[in-house]
Protein chains: 2
Amino acid sequence: MARKQGSHSDITGPKVREAALRLIARHGYAAVSMRQLAAEVGVQAGALYNYTPDKQTLLYDLMHDHLVDVIESFDKADPKSDANSRLRAFVSFHIRYHLPRADAVFVAYMELRNLEPENFAAIEKLRRAYEDRLEAILRQGEAEGAFAMQDARVATRAIIGMLTGFFTWYRQEGRLPLEEVEAIYWDLVGKAVAR
Amino acid sequence: MARKQGSHSDITGPKVREAALRLIARHGYAAVSMRQLAAEVGVQAGALYNYTPDKQTLLYDLMHDHLVDVIESFDKADPKSDANSRLRAFVSFHIRYHLPRADAVFVAYMELRNLEPENFAAIEKLRRAYEDRLEAILRQGEAEGAFAMQDARVATRAIIGMLTGFFTWYRQEGRLPLEEVEAIYWDLVGKAVAR
DNA sequence: CATCTAACTGAACATCTGTTCATTTGAAAA
DNA sequence: TTTTCAAATGAACAGATGTTCAGTTAGATG
């Protein structure tokens with residue numbers, strides 16, 4: 001019955017999501033109209049509603065799917081060994097995973113304000129789940145006697161902020177190769193929580 | 001000639017700026033209409049144009065004045081002595097200055113996208129000027145042999161990110177008194193750049 | 001008191017907003 | 001070739017947008 005090949009929906013669908021990420025990252029959710037988005041996709045505004053029930057749900061889905069993927073991917077990358085190896089893996093993963101997804105990171109980070117309350121709560125939960133991964137590593141390090149810090153929760157926030165701030169400028173800079181930035185960050189993070 | 005006392009402009013003017021900071025921090029520049037802002041001030045939309053030539057200039061002025069004040073205030077707080085004292089002063093200043101100005105920080109940080117190109121360039125220059133203060137301290141510390149890091153510029157960005165991320169969550173948390181958060185951050189920053 | 005004017009109103013403007021839906025299109029399926 | 005239907009169009013909707021401006025108001029000034 002349903003056409004699987006030749007259908008445009010499996011072309012237009014991803015196009016809508018990509019264009020939405022790009023435009024929202026660039027201009028902000030509220031500043032991007034459905035007509036702008038449609039033009040970017042090469043379609044009329046009405047056609048977008050074959051791919052999302054409304055604008056708000058489109059934003060929510062973009063953020064939700066990104067965060068779910070971040071968490072799943074980290075859980076695969078996590079060596080689950082000693083705290084020092086795990087922290088190093090976290091820093092490396094975070095930088096390498098987020099770099100090619102700068103738009104999604106930016107949207108998930110900057111557009112929390114534009115989520116309706118229930119959507120906000122759901123996204124906040126996912127964001128927290130990712131942070132909890134890092135906090136667990138820091139606490140393991142304390143227990144092992146490898147790390148020492150005054151407050152693991154604050155340290156978690158500080159490290160996340162440090163790494164996330166990275167994506168607000170790396171694009172433009174380009175002065176350093178990724179491997180080097182990763183090494184520099186590992187140096188800073190490792191020393192900050194060292195005993 | 002011009003009325004100085006009894007005039008409302010010296011009441012309404014600040015009110016407009018305060019309300020704009022509050023609403024824009026909460027909902028974003030694009031999502032706040034001039035009519036919403038006017039209602040918050042207790043005035044009709046047309047009256048706002050006694051205080052700003054247009055919406056874009058209002059945003060620019062809020063960001064500009066905030067950043068100029070940050071830089072001036074830091075230059076006064078800077079002990080201009082050894083690098084370690086200066087870095088400690090920077091961390092302390094940054095947290096203490098920004099905390100009671102959370103809305104302004106948020107706007108200056110989140111609304112860069114909504115500035116027209118020339119305004120963006122001007123604000124970016126100010127932002128950079130503040131970061132350069134920190135970078136100079138780190139380089140002084142390297143020269144003194146007090147600090148060691150792989151790249152002062154990246155370390156600057158990392159520390160700024162770490163401190164700025166602070167304001168995205170401190171409001172809600174409230175678990176810790178300011179003095180304690182300041183001490184925790186100093187511990188992290190100091191160790192991260194230590195030799 | 002009468003005058004003056006900064007401050008504000010309220011209506012108007014052209015245009016844009018998200019969303020809906022009857023209609024058309026075109027390519028795969030029969 | 002004819003049928004079928006997912007996908008897209010394009011017009012319409014009710015209301016919101018930033019901004020302008022002639023007119024009103026109220027309080028200090030002379």
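A, B, ... follow the sequence lines: proteins, then strands. Residue 1 opens every chain.
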To the nearest 0.5 Å, tell me how far A/I159 CD1 sits from A/F90 CZ. 8.0 Å

Could you tell me how far apart B/L48 (CG) and C/dA7 (C1') are, to the nearest whole angstrom? 12 Å

A/D10 has an atom CG; how far is it from atom P of D/dA7, in whole Å? 8 Å

Within residues 29-38 of chain B, those residues having any heavy atom closer than 4.0 Å to DNA chain C are B/R35

Map B/V43 and A/D54 onto DNA chain C by nearest heavy atom, then report which one ends up closer to the 5' terminus. B/V43

What is the distance, rounded to the nearest whole Å, between atom NZ of A/K15 and atom P of D/dA7? 15 Å

Taking the inter-plane angle between the rings of B/F93 and B/H98 on a 0 to 90° scale, is it parallel (under 30°), tilted (30 to 60°) or perpendicular (over 60°)? perpendicular

Side chain of A/N50: nearest nucleotide among C/dC8, C/dT19, D/dA8? D/dA8

Can you tell me how far the CG atom of A/L138 sits from the CG atom of A/L87, to the nearest 0.5 Å? 6.0 Å

In whole angstroms, the gap separating P of D/dG18 from CG of B/N114 amounts to 12 Å

Figure out the OH/P separation between A/Y49 and C/dC21, and round it to whole Å. 13 Å

How long is the line joining CD of A/Q44 and P of C/dT24, in whole Å? 16 Å

Which one of B/D65, B/D61, B/D10 satisfies the salt bridge (charged side-chain N to carboxylate O under 4.0 Å, His left out) criterion with B/R17? B/D65

Side-chain donor-acceptor pairs of residues 178-195 of chain A under 3.5 Å, sequence neighbours excluded:
from	atom 1	to	atom 2	distance (Å)
A/E182	OE1	A/R96	NE	2.5
A/E182	OE1	A/R96	NH2	2.8
A/E182	OE2	A/S92	OG	3.0
A/Y185	OH	A/M162	O	3.3
A/K191	NZ	B/A148	O	2.8
A/K191	NZ	B/A192	O	3.2
A/K191	NZ	B/A194	O	2.8
A/R195	NE	A/G145	O	2.7

After noting the C-alpha distance and the side-chain angles of B/H66 and B/Y109, does the key distance pass the ring pair (Phe, Tyr, Trp, His ring centres under 6.0 Å) rule? CA-CA 11 Å; B/H66 168 71; B/Y109 184 61; over 10 Å; no

Would you say A/R157's side chain and A/R153's backbone share a donor-acceptor pair under 3.5 angstrom? no

For B/A47 and for A/A45, find the nucleotide of DNA chain D with the closest heavy atom, then tell me which residue's nucleotide is more 5'. A/A45

Taking atom C1' of D/dT17 as reference, at what distance in whole Å does atom NZ of B/K55 sit? 8 Å

Between A/T12 and D/dA7, is there a side-chain N or O to OP1/OP2 distance below 4.0 Å? no

